[in-house]
2 protein chains.
Amino acid sequence: MRADKARNREIVLAAAGRLFDAANDPDEVSMDAVAAAAGVGKGTLFRGFGDRLGLVRALYEQRSAQEFAARPVGDDGDPAERALELLTRTWRFKERHRVLGLAFERAGHGSPYTNAGYDWWHAELAGLIAAARADAPAGFLAHALLAAVRSDLVEHLRGRPDTDVHAGLQDLVRSVFRDGKQR
Amino acid sequence: MRADKARNREIVLAAAGRLFDAANDPDEVSMDAVAAAAGVGKGTLFRGFGDRLGLVRALYEQRSAQEFAARPVGDDGDPAERALELLTRTWRFKERHRVLGLAFERAGHGSPYTNAGYDWWHAELAGLIAAARADAPAGFLAHALLAAVRSDLVEHLRGRPDTDVHAGLQDLVRSVFRDGKQR
DNA sequence: CACTGTAGCGGACTGACGGTCCGTTTTGTT
DNA sequence: AACAAAACGGACCGTCAGTCCGCTACAGTG
């Protein structure tokens, strides 16, 4: 990797980050704007990241790597509490990176499910559910839990502070980790 | 309302419906394509529906009105079962109208939450939850249940038939309607 | 039926955007 | 210093949502 390429990659990511942080909607951040803000040609963006999705992904992954490197998620304790911690932190992360989160989930033709990271999250949660309740439809329930922390719901509930998200997530996770079949 | 306007409205809705049914992704259906398929000028589309979102909404609402007029949802029985029926029918409706559903939820700047109908559904489900569990964080839980039947999840699980959606929805709803606090 | 004001029509046009292309510049190796 | 390859920049392209305005045809009036 040539030095100028690596340097430009960082410059571009930083500039894109600033623009997404300042925006209220992902559509406000065009590739031309990123190139201009980075002081770089448009070709450089597309050569370095492939397409818009690639840029958004790179930035999102950079930030979530920072996040989870800073405070790793503990591995002990019971599955329900671990799942709750994962989801709560995801929620907070998306609150802190609103517009980037929206861009990320809207990216791969408008579906969060085609993003590479999704499968990891799904497997992780499904595993936790299966550990707590062998008979549960863990696959579907994991999708449902992840759907509850999607960026646009985070965004929707911002400015509606009457909804107690923390209590809600807690109740949801504990309900799901207890049994849905009997009684 | 002049006769030709009303006539054109129906022609356009029918043509758009055909195109969405045939497509695999909402982006494949452009406004030009709808106009051409309807044998109508582009101006007619925008005068009649305002913008793309307006057209998608009109079509989605027409179809869901048909759906729920044909088989109304019963009002009796316990809240959990009613909620389950509502969600299951929504899931099936979105399976049957995949691409239109995707277009609809992606429309109002890419968020389902700005669509008029969402508030109705949310209030309905929150009411059912509150009826079953007075202490529940009903607002958040209702959002979570609705998130579990979003079009792109429906789409994602199509072609992954290993996930038993019906059992999953049932388990999810029953879990949520039982208590998440005690035990 | 003829007349006429106007609601509605069509499609060329605009502006913005994601993505491509290719002549020019920078890098690092010998 | 010389050179090949990698990376750069920004003009350019195709597409799409949405606008504009000259034309058409509907419906109310005498």
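In the text below, chain A, chain B and the rest are named by the order of the sequence lines, each starting its count at 1.
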Test B:Phe49 against every option in B:Thr44, B:Val34, B:Leu13, B:Val56 by the side-chain contact (heavy atoms from CB on, under 4.5 Å) rule and name the one that passes.
B:Leu13
May I ask you to list the residues of residues 6-33 of chain A, by number, that have any heavy atom positioned under 4.0 Å from an atom of DNA chain D?
A:Asn8
May I ask you to check whether A:Tyr118 and A:His143 place their ring centres under 6.0 Å from each other?
yes
Side chain A:His122, main chain A:Gly139, donor-acceptor under 3.5 Å
yes
Check the interface with nucleotides 28-30 of chain C: list each N/O to N/O pair with the protein under 3.5 Å, or write none.
residue: C:dG28; atom: OP1; partner: A:Ala3; partner atom: N; Å: 3.3

In one Ile/Leu/Val/Met/Phe/Trp/Tyr side-chain cluster, 4.5 Å: A:Leu100, A:Leu102:
no
So A:Phe140 and B:Asp164, do their side chains get closer than 4.5 Å, heavy atoms only?
no
By ring pair (Phe, Tyr, Trp, His ring centres under 6.0 Å), which residues pair with A:Phe93, not counting sequence neighbours?
A:Tyr60, A:His97
With sequence neighbours excluded, tell me which residues meet side chain to side chain contact (heavy atoms under 4.5 Å, CB included) with B:Arg2.
B:Asp4
Close side-chain approach of A:Arg98 and A:Val154, heavy atoms under 4.5 Å
no
Protein-nucleotides 19-21 of chain D N/O pairs closer than 3.5 Å?
none

Can you spot which of A:Glu105, A:Glu61, A:Arg57 makes a side-chain hydrogen bond (donor to acceptor under 3.5 Å, both in side chains) with A:Asn115?
A:Arg57
Ranking A:Arg52 and B:Lys5 by the position along DNA chain C of their nearest nucleotide, the one closer to 5' is B:Lys5
Those residues at least two apart in sequence (or on a different chain) that pass side chain to side chain contact (heavy atoms under 4.5 Å, CB included) with A:Ala36 are none
So does A:Thr44 get a side-chain nitrogen or oxygen closer than 4.0 Å to the phosphate oxygens (OP1/OP2) of D:dA7?
no
